[in-house]
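Every value quoted in this text rests on a predicted model; they were computed, and no experiment measured them. Only this structure's heavy atoms are used, side chains among them; waters, hydrogens and symmetry mates stay out. In the text below, chain A, chain B and the rest are named by the order of the sequence lines, each starting its count at 1.
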Amino acid sequence: MSVDPTSLETLGEAEGVSSRGPDALEGKAIEGRSPWLLGWQRLRRDRVAMISLGIIVLIMLIAILAPLAAVVTGHQPNEQYRQTGLSPNGLPLGPTSHFWFGTDDLGRDILVRVAFGSRVSLLVGVVSTGIAVVIGVVVGLAAGFFGGIIDTVLARFIDVALTVPFLLVAIALVSITGPSLTITILVIGFFSWASVARIVRGQVLSLREREFVEAARSLGASDPRIMFVDILPNVLAPIIVYTTLLIPVVIVVEATLAYLGLGLPPPTADWGGMINDGQKYYTTAWWFIIFPGAALLMTTLAFNLFGDGVRDAFDPRSDQLLQ
Amino acid sequence: MNASDGPSTPGAVVLPPEVSTGDAPLLRLEHVSKAFPVQSSKLFTRGHEFVHAVDDVSLEVRPGETLGLVGETGCGKSTLARCIARLYDLTSGSINFAGTDISHLSRRQMRPLRSEIQMIFQDPYGSLNPRRRVGSIIGDPFAIHGIDSRTERKKKVQDLMERVGLNPEHYNRFPADFSGGQRQRIGTARALALRPRMVICDEPVSALDVSVQAQIINMLKDLQDDFGLTYIFISHDLSVVRHVSDRIAVMYLGHIVEVAPAAELFEKARHPYTRALLSALPVADPDAADNRERILLVGEIPSPTNPPSGCRFHTRCPKARADCVQTDPELETAFDDGVAHLTACLHPLAIDEDMSLSRPQIDDSEIAAAPDPGPSDSTGDTP
Amino acid sequence: MSRRSSRLAGIATLCTIGLALTACSGTVAPTPGASSTSAATAVTGGTLNMLGTGDVTYLDPNISYYSIDQIVLRMFSRALFTNPAVEGKTTTAAPDLATELPTTANGGISADGKTYTIKLRQGAKWDTTPARQVTAADVVRGVKRTCNPVQPFGGIPDFQDLIVGYASFCAGFAKVGPTAPEIAAYMDKTDLPGVVAKDDSTVSFVLTHPAAFFVDMLTMPCFSPAPVEINKYVPGSPDGATHTISDGPYKIDSYVATKSINLSRNPAWDAASDPIRKAYVDKIVINETLTQDSVQQQLETGTASADMEFDSFTPASQIPGLVAKGDKNLNIGPSSSSNPYVVFNTVSPNNNKALANVKVRQALSFAINRDNLIQVMGGPQLNQPLSQVLPPVIVGGESKFDLYPYNVAKAKSLLTEAGFPNGFSVKFLYRPTSANSLKGFQTIQQDLSKVGIKVVGVPSPSADFYSKYLTVPSVALRGVWDLSLAGWGADWYGNAALSFFNPLFSGKPSFPPVGSNFGLYDSAAANAAITAAVNAPTQDEAKTLWAAADKQVMADAPFFPITNPQQPDYHAAQVHNTIYVPSMQQFDPTNVWIDKDKQGG
């Protein structure tokens with residue numbers, strides 16, 4: 001190779017300067033600041049998101065420590081306190097020092113039931129979302145990455161899944177199989193993946209044209225390796241954003257099913273079911289519907305606001321993707 | 001760096017000894033073509049039109065040499081690079097690497113050969129996965145080919161980082177923490193990890209500051225010496241190519257129009273297109289610049305979907321004649337050139353010919369209605 | 001029970017359709033602030049605005065089966081006998097078109113008790129041009145129409161084996177084509193030997209056996225006369241519903257299905273010929289498009305445009321408040337139903353056929369706390385405790401007894417005797433969408449856990465509850481459910497015990513899908529007791545025999561009665577003489593009058 005050393009000498013110094021300049025970071029951060037770390041630092045400055053996260057953590061603690069509520073109040077979630085918690089005419093009793101949130105139409109402690117109900121909401125919210133995200137990511141990755149006939153088929157499949165009137169089908173399915181936790185989780189999970197798949201597919205379609213994918217290919221990387229090692233980390237941000245925003249949707253869907261009488265079999269405490277029971281008494285026993293309703297509202301609001309914060313922090317562009 | 005800075009003896013100085021002794025070429029392309037189907041806006045006509053990105057290219061690269069590949073953006077040089085790296089399947093033709101025909105190998109069969117041919121990419125931002133740490137990017141080739149344990153791998157990666165001039169302690173950083181030049185070093189380290197015999201450098205410095213380009217080029221040169229690498233060096237910038245190349249091939253619209261030892265190309269460009277490219281080079285000496293002929297190419301580069309007939313350059317060539325419209329010239333020696341200097345031109349330039357005085361001697365209508373030569377006005381409208 | 005299953009009682013059917021607490025109700029109830037009677041002088045005129053949440057099923061007395069239909073039938077169609085709006089007599093039969101109650105003494109009932117001869121009142125006329133006297137032939141036509149092949153009456157099993165020749169008449173009718181001319185031709189050509197027009201104003205019923213309850217049974221509107229013009233329409237068709245001919249005090253001016261019914265005075269009606277209806281108001285306007293809550297709100301405001309309920313009742317959650325403030329416009333009236341009750345699947349193979357063992361069923365009966373169930377279902381005000389088959393409003397149910405007072409220790413010892421000292425697990429079929437079903441299930445679940453019995457819920461969509469579970473014997477035999485909650489009500493009042501025992505406890509003939517003996521209970525002793533009571537020649541004897549049959553059935557514990565629910569009804573303050581009639585589950589609209597200043601609208 002023919003290079004004139006003198007003519008390049010001055011240029012070399014310029015490069016030397018630039019290398020020492022911007023990336024000779026203060027404190028010699030040898031550990032690179034990952035995009036996740038940067039995102040987290042942005043997120044921590046978002047007060048609304050942090051408050052929401054606090055509420056989410058609180059609700060999780062409530063779910064985990066629900067038995068503690070039973071110990072503190074001395075009331076089991078499914079025990080009917082007909083003498084102390086129910087009028088002779090079978091009407092719920094309002095909040096007292098004994099029943100802080102009042103009782104329901106079977107004389108059960110609403111406080112304890114709201115606490116136990118959080119377990120159902122969170123479990124269904126997280127597990128169903130997990131199922132939806134796994135299916136959505138796999139389908140979206142495959143469609144976007146392989147393209148061609150696979151993409152055509154999967155994309156149509158996604159379109160169909162998106163146009164299915166989810167609630168109606170869910171109601172029909174649950175009616176056929178009978179309500180149970182597993183069915184609820186599976187039904188919600190299997191009907192929520194399509195939007196995840198669509199987002200992932202769109203991202204992968206552009207990512208697969210990037211040079212680092214070609215680079216991996218030129219190194220002899222297999223398709224699965226390229227999909228999961230090279231492409232997946234780059235769609236993780238929108239996936240995480242969508243996941244945090246999907247959880248509250250799923251929680252509401254679960255509550256809706258429960259509200260329609262297709263939730264968990266009684267006497268299991270379940271916010272949607274409690275709201276359904278409570279609405280008949282909204283004129284006479286406000287506490288019956290207010291407390292589970294507020295719990296549901298707070299949870300979904302916290303997840304939504306937190307999701308917004310995560311989106312701003314990690315993936316500002318996904319704003320348009322979610323429209 | 002003008003032509004006079006180069007080695008003065010044409011055709012001899014730049015070639016390493018083994019090349020001149022006529023070793024078997026490391027890479028031989030024969031009539032390689034690559035056409036892409038055009039995404040038509042109409043639903044059912046999809047695939048009926050093709051972009052002929054690379055059309056009937058034959059080339060040889062000898063072990064240890066650097067072949068420069070120049071041409072305007074869109075001439076097909078990057079496509080050719082990807083064909084050689086077998087990132088694309090060929091439409092026709094064959095590629096022979098170290099005695100093996102690799103043009104029809106499956107991905108699985110290709111895998112062992114991946115370590116022999118590597119690429120350095122143009123975009124230092126796009127070619128590194130932003131979500132992965134540098135250590136794992138450079139270690140990728142080892143991981144993919146299942147070489148070495150994790151700890152050994154780290155050691156090797158850090159060695160590589162040192163070789164390309166990176167601080168091995170930056171192993172855990174992300175691409176975003178590095179400058180463009182440093183990223184290109186990362187890409188180089190990745191390409192060299194498996195000790196390839198051939199590296200295809202696809203515009204490795206064109207996205208970089210001029211100030212950084214020389215550093216990278218020097219590094220590539222050092223590495224070539226250390227590892228005994230063979231380079232195919234692609235660039236649209238003749239001045240860069242000249243510095244690194246032993247031989248240079250000039251591409252226009254999917255064709256190789258001229259190939260010659262680097263110095264000879266600069267001294268004795270035969271093809272009008274090569275001459276036009278050379279004339280556009282910036283010159284350090286203002287006096288020399290004033291005296292130089294300047295050839296301004298008119299018009300846009302034609303669409304590769306529907307390339308011109310005959311010589312593909314005839315639509316823009318100052319020396320175009322009627323036969324240029326009809327006959328597609330072969331690569332062959334012109335005048336008294338040696339066998340290493342081939343030109344695809346029906347009317348090659350003599351060494352002292354002043355091309356700026358030439359005017360095309362065909363009608364505009366003929367250019368448009370390409371296949372039909374028509375009556376040509378031989379006197380032309382030369383002023 | 002399902003609408004399709006014809007043997008099911010109308011009132012009980014309504015119970016299961018209604019969503020809320022006490023869709024149906026039962027015993028002589030203490031009426032809070034006894035309904036405003038005619039303390040002031042009655043005034044005529046004005047429009048009675050009835051606010052409702054739903055429509056009638058049919059405007060055809062020979063087909064209509066539900067109490068909601070009876071409210072409108074009362075206005076435009078007269079029956080042979082009916083329950084009058086007279087305090088204390090609202091469940092006894094009184095002559096309407098008939099001139100008097102038939103007795104052996106007045107010759108109305110033959111010596112063998114099998115032939116009933118009924119004279120029709122002169123002056124009762126159809127609203128035709130010119131007005132035409134209602135005749136015995138019209139009565140025969142009406143009875144014949146009950147088993148028309150297009151839309152037969154739901155309560156046919158009550159009397160198909162009682163009236164001579166009815167079953168074979170119907171069998172022939174079932175083969176007739178579904179067009180109006182074919183139906184009319186069959187009725188004209190074919191005799192019904194058990195129902196005969198002796199002359200224009202005399203009709204006689206011939207029975208297969210003496211039946212002391214027959215006159216009470218004739219209060220069902222299905223025995224009402226039908227004018228000849230009705231033959232122009234297919235029974236139950238929308239066309240027929242908009243072309244009714246009235247012989248009551250009101251005629252239907254317009255009927256828009258699910259929206260409204262408007263009635264005005266029938267010029268052919270002669271007050272002197274009608275001892276049942278005073279017909280104070282000039283017009284009746286029924287709005288069917290409201291909700292239960294808004295009906296209640298409007299009635300409480302006292303506007304002139306809201307007078308009474310229609311297919312609606314006081315929301316359960318508001319009743320304690322209304323009772324507490326002594327609201328005189330609220331009436332909690334009796335019903336003839338036992339709803340809900342716990343039914344035991346006596347043929348369930350689960351737990352080694354535990355439920356086939358009478359001791360196990362008795363143990364369950366001791367272990368279920370009726371007071372708990374009544375409390376969660378709205379308290380005793382709306383749910384009179386019922387511990388036997390017959391509600392007190394039915395002849396034979398007057399004296400109360402309870403074989404299974406709540407007793408955990410007794411339940412445990414019976415379980416031990418039966419070989420289940422550690423209890424077992426039972427499947428409880430319930431409807432999650434029904435509040436009472438849901439509450440009953442959860443409360444029983446908790447009660448039974450105290451005797452070591454684990455209750456596992458088997459939820460069923462409301463639509464499938466009867467059609468796919470309870471009325472399918474094979475489902476019971478497979479042990480899909482062990483316990484469930486169902487409801488039942490009599491088709492008529494007074495001597496109506498038959499309409500409880502026949503479909504619920506009479507062995508094989510009562511098995512579903514024909515009957516409603518969902519637990520497939522079959523006892524020779526009970527069957528014999530029921531047969532004896534059916535054949536009782538007089539009402540007094542019937543009363544004793546039905547009470548005996550009741551005890552026999554309860555000893556076998558094939559079910560666990562919970563309550564005889566009461567019907568809460570509310571009317572606006574301007575409405576007077578509001579007499580609650582159980583068969584309509586409502587105040588009799590043909591006998592109310594409205595304050596002079598609130599007659600508008």
Distance-only donor-acceptor check, side chains C:Q442 and A:Q80, under 3.5 Å: no
At a 4.5 Å cut-off on heavy atoms, which part of C:D293 comes close to chain A: side chain, backbone, both, or neither? side chain
Other residues, nucleotides, ligands: >12 heavy atoms within 6.0 Å of C:K450 NZ: yes
Would you mind telling me which of C:N372, C:L438, C:T443 makes a side-chain contact (heavy atoms from CB on, under 4.5 Å) with A:L106? C:T443
Turns out that what part of A:L86 lies under 4.5 Å from chain C's heavy atoms comes down to both
Inspect the surroundings of CH2 in A:W100 and state if more than 12 heavy atoms from other residues, nucleotides or ligands are less than 6.0 Å away. no
Contact class of A:N78 relative to chain C, heavy atoms under 4.5 angstrom: backbone
Scanning both residues in full, the closest heavy-atom pair of A:P266 with C:Y430 reads CD-OH, 2.8 Å
